[in-house]
Amino acid sequence: MFHQKLVPFSKNFLWGSASAAYQVEGAWNEDGKGLSVWDNFVQKPGTTFKNSNGNVAVDHYHRFKEDVALMAEQGLKAYRFSISWSRILPNGKGTINQKGLDFYNELIDELLKYDIEPIVTIYHWDLPQALQDEYNGWESREIIEDFTAYAKILFDAFSDRVRHWVSLNEQNVFIMHGYMLGSHPPAVQNLKRMYEANHIANLANASVIKAFREGGYPGKIGPSFAYTPSYPVDCHPENIIANENMADYSAHFWMDVYVYGRYPKVMLTTLEKMGIAPTILPTDTDLLKQGTPDFMGLNYYQSVTIASNPLDGVSFSGKANYSGEKGTTQEAGMPGLFKMVSNPYLEKTNWDWTIDPNGLRVCLRRISSRYNLPVLITENGLGEFDTLEDGKIHDNERINYLHSHCLAIQEAITDGVEVIGYCTWSFTDLLSWLNGYQKRYGFVYVDRDENSEKELKRYKKDSFYWYQQVIKSNGQSL
Ligand code: BG6
C-alpha cells in the first residue's frame, strides 16, 4: 500500500479494557447467585488446566472498588464487563435476585464516578445451570424468550447509564467448544446438534437486539465476534478454495447472519449435503433481519494460515495447547474443507497463537467493507507467563504486542474504518477458561495461581504505565 500519513484517533475514542464475570468475580455461590454451567463443569476433574476454577477467581466481586480505582489511575475511558445471568436470575428466569442487581448497580456507579464508561456484555458463556437442566440450554428455542426477558431486566435497570451493550460474546467460540470440541459445557461432540444450537443462539441474539430497539432504550448494541482471519498458504488453486471454505466456515457463517439475516449460500449448501444444516423456520429470517446490530464487536487475537485438507485429512480431534508448552498444538482442520498450517512469517506465543497485528487491520477492513458497520474492538491482548520480582512485572512482550496492534488500528482508521474504541483483554489478570491462572493477560498482576489463592494482591505491570501514556496522549505516544 502507498505510504500515507496516519489519521489520529478521534477525541471520543474509547480506550478501554475488558473482563468477564466468571473469570474475575468469584463469589460463585454468594448473595443468592444460582449455579451456572461453568460452576458445574469445573467440578468434574480433568476439564480445565490443573482443575482450576472461578469459585474465587480474582475476587473482583469483593474488590471491585480497588480494581476500579486502579482503572481510574490508569485513565481508562471504558471498562467492558459481563453480567452473570444466574446472579440476576438464579433459575435463569422468574424471580429476580435483588442483590445481583445491586452489585452491578454499584459497579456501574463506581465506574461513572471516575468517568469510565461501562460497556456491558449480556452473555459471556455462564448460562444458568437451571436452563441447561430444564431444556438443554441453547438446544431449545425456549431460550430465546428467556434470554430476551433476562436482557430486558438489564436494559430496564442499567440503560440510564450504559451506552454500549454486547449481546452474545463469541457465539462462534462457545458453540464450537460446547458442541464440537466438547471442551466447554455442555461438552457435546455432535455437529448436527452444534448447528441447531448455533441457529437458536442467532435467533436469541436477534431477539434481544429487537427488544432493545422496540423498548426505545438509548445506546447501541451488537454482538462480539471472535474473528480469526485466514490467509491461503500459497496461491495453489486448492489452497485458495480451502481458504474460501475457511472464511465462510469461520467468519461469514456468523457475521453474515448478524448483519444480513442469512447464512452464506455455499456453506449452507455444504452443511445440507452433509445432513447437518440447521432447521430454519420461515419466520426465522424475519426475526434475524429485525435484530441486526449497531456495531460489530471484534475480539481479535490471531490469524491463521490455510491449506487444503483431503477427506481423510486432519480433524479437530488433535491435541490443543492449554499448558503453555510451545509447539504442542497439533494440526487441525475440517476434512475435505481446509486445515490450519504454520505461517513462516509470524512469531507465536507460548500457547502457539500467532502474533499478527496486520491481521487486526485485515479484520477491521473486511468488517467495514463487507458489513458497513462501525467496529468496537471488545478484546485484544497477549496471554503469557509473567514473573513477579520485587513487586514489579516487566511485561515487555505485552507492551510490544499491544503497541503493534494499536498502530494497526490507526492504520485501519486511516484506511477509512470507523473504530469506536479498543478494549484490551484484560484489565486484571483473570482465569483463562481452559488454561488456568498462568496464562495472564492483565495490566494488573494478581498474585494467585492454580494451587493457592494467596492474598490476591494486585501489582501494576509495566504495561499498566505504558497504556496510561497511550490514553493520556490519545494515541500520540504510539
Ligand atoms: C476470548 C474470550 O475467547 O478470549 C475470553 O472472550 C478469553 O473470555 C480470551 O479469556 C482469551 O482466551 P484464553 O483461552 O487464552 O483465555
Side-chain angles (χ1 to χ4, degrees), residues 16-25 36-38 41-42 47-50 52-54 57-58 60 79-84 119-127 166-178 180-181 183-185 201 222-229 250-251 254 296-304 319-326 328-329 348-355 359-360 363 376-386 397-398 401-402 405 422-443 446 450:
S17 195
S19 73
Y22 185 72
Q23 298 179 272
V24 292
E25 284 180 6
S36 78
V37 291
W38 272 92
F41 181 68
V42 295
T47 50
T48 60
F49 180 71
K50 293 195 176 170
S52 49
N53 63 51
V58 295
H60 179 67
Y79 174 54
R80 171 182 176 235
F81 61 92
S82 80
I83 291 187
S84 154
I119 299 177
V120 173
T121 307
I122 300 169
Y123 183 79
H124 200 127
W125 308 354
D126 44 359
L127 181 76
V166 174
S167 43
L168 290 179
N169 178 71
E170 296 190 352
Q171 180 187 334
N172 54 331
V173 172
F174 78 76
I175 289 289
M176 290 173 81
H177 276 269
M180 179 176 79
L181 303 172
S183 48
H184 282 195
S224 272
F225 182 69
Y227 191 177
T228 305
S250 71
W254 280 274
M296 189 67 75
L298 167 64
N299 291 0
Y300 173 78
Y301 289 90
Q302 60 166 330
S303 62
V304 287
K319 189 175 178 300
N321 174 356
Y322 297 126
S323 63
E325 287 164 64
K326 202 169 182 170
T328 54
T329 306
K348 288 186 186 139
T349 72
N350 279 310
W351 276 262
D352 299 324
W353 292 21
T354 59
I355 299 176
L360 176 54
C363 289
L376 176 59
I377 300 168
T378 35
E379 284 181 35
N380 173 241
L382 176 71
E384 265 305 339
F385 300 109
D386 282 324
E397 286 176 358
R398 181 164 301 102
Y401 181 100
L402 295 174
H405 285 73
Y422 175 60
C423 293
T424 68
W425 188 262
S426 51
F427 182 68
T428 61
D429 287 341
L430 40 69
L431 172 68
S432 172
W433 307 88
L434 299 178
N435 308 280
Y437 289 93
Q438 65 165 5
K439 190 180 187 190
R440 295 173 181 272
Y441 282 92
F443 291 125
V446 180
E450 291 79 18

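Remember, it's 1-based here, ligands and their atoms both numbered in the order they're listed. Any value given below was found using the heavy atoms of this structure, including those in side chains, with hydrogens, waters and symmetry copies removed.
A heavy-atom separation below 4.0 Å is not found between W351 and ligand 1. At least one heavy atom of W125 sits under 4.0 Å from some atom of ligand 1.
From the protein, the heavy atom lying nearest to atom 3 (O) of ligand 1 is E170 OE1, 2.5 Å. Regarding atom 11 (C) of ligand 1, its nearest protein heavy-atom neighbour is Y441 OH, 3.3 Å. Scanning the protein for heavy atoms near atom 14 (O) of ligand 1, the closest one is N435 ND2, 3.2 Å. For atom 9 (C) of ligand 1, the closest non-hydrogen atom on the protein side is Y301 OH, 3.4 Å. Scanning the protein for heavy atoms near atom 6 (O) of ligand 1, the closest one is E379 OE2, 2.8 Å. For atom 13 (P) of ligand 1, the closest non-hydrogen atom of the protein is S432 OG, 3.3 Å. Among protein heavy atoms, atom 10 (O) of ligand 1 sits closest to Q23 NE2, 2.9 Å.
The closest donor-acceptor contact from the side chain of N350 to the backbone of E325 lies at 3.5 Å or more, if one exists at all. Panel note: side chain W351, backbone K439; no donor-acceptor pair is recorded below 3.5 Å. Distance alone, capped at 3.5 Å, is enough to place a donor-acceptor pair between the Y437 side chain and the N53 backbone.
Residue K439 has at least one heavy-atom neighbour below 4.0 Å for each of these atoms of ligand 1: 13 (P), 15 (O). Atoms of ligand 1 lying under 4.0 Å from any heavy atom of H124, numbered from 1 in the order shown and given with element: 2 (C), 5 (C), 6 (O), 8 (O).
Contact check for N169 versus N299: side-chain heavy atoms found under the 4.5 Å cut-off.
At a heavy-atom cutoff of 4.0 Å, ligand 1 is contacted by no atom of F174, backbone or side chain. With a heavy-atom cut-off of 4.0 Å, V173 does not touch ligand 1 at all.
Nearest heavy atom pair, residue K326 against residue K348, reads NZ-O, 3.0 Å. The heavy-atom pair separating A20 from W425 by the smallest distance is N-CH2, 3.7 Å.
Between H405 and Y300, the two ring planes are tilted [angle within 30° to 60°].
Between the side chains of R80 and T121, a donor-acceptor pair is found at a separation under 3.5 Å. Side-chain atoms of S36 and D126 form no donor-acceptor pair, as typed in the model, at a separation below 3.5 Å.
Taking all heavy atoms of W353, W425, W433 into account, the minimum distance to atom 12 (O) of ligand 1 is reached by W353.
In terms of N/O distances under 3.5 Å, ligand 1 is approached by N169.
The ring of F174 has its center closer than 6.0 angstrom to the ring center of Y123.
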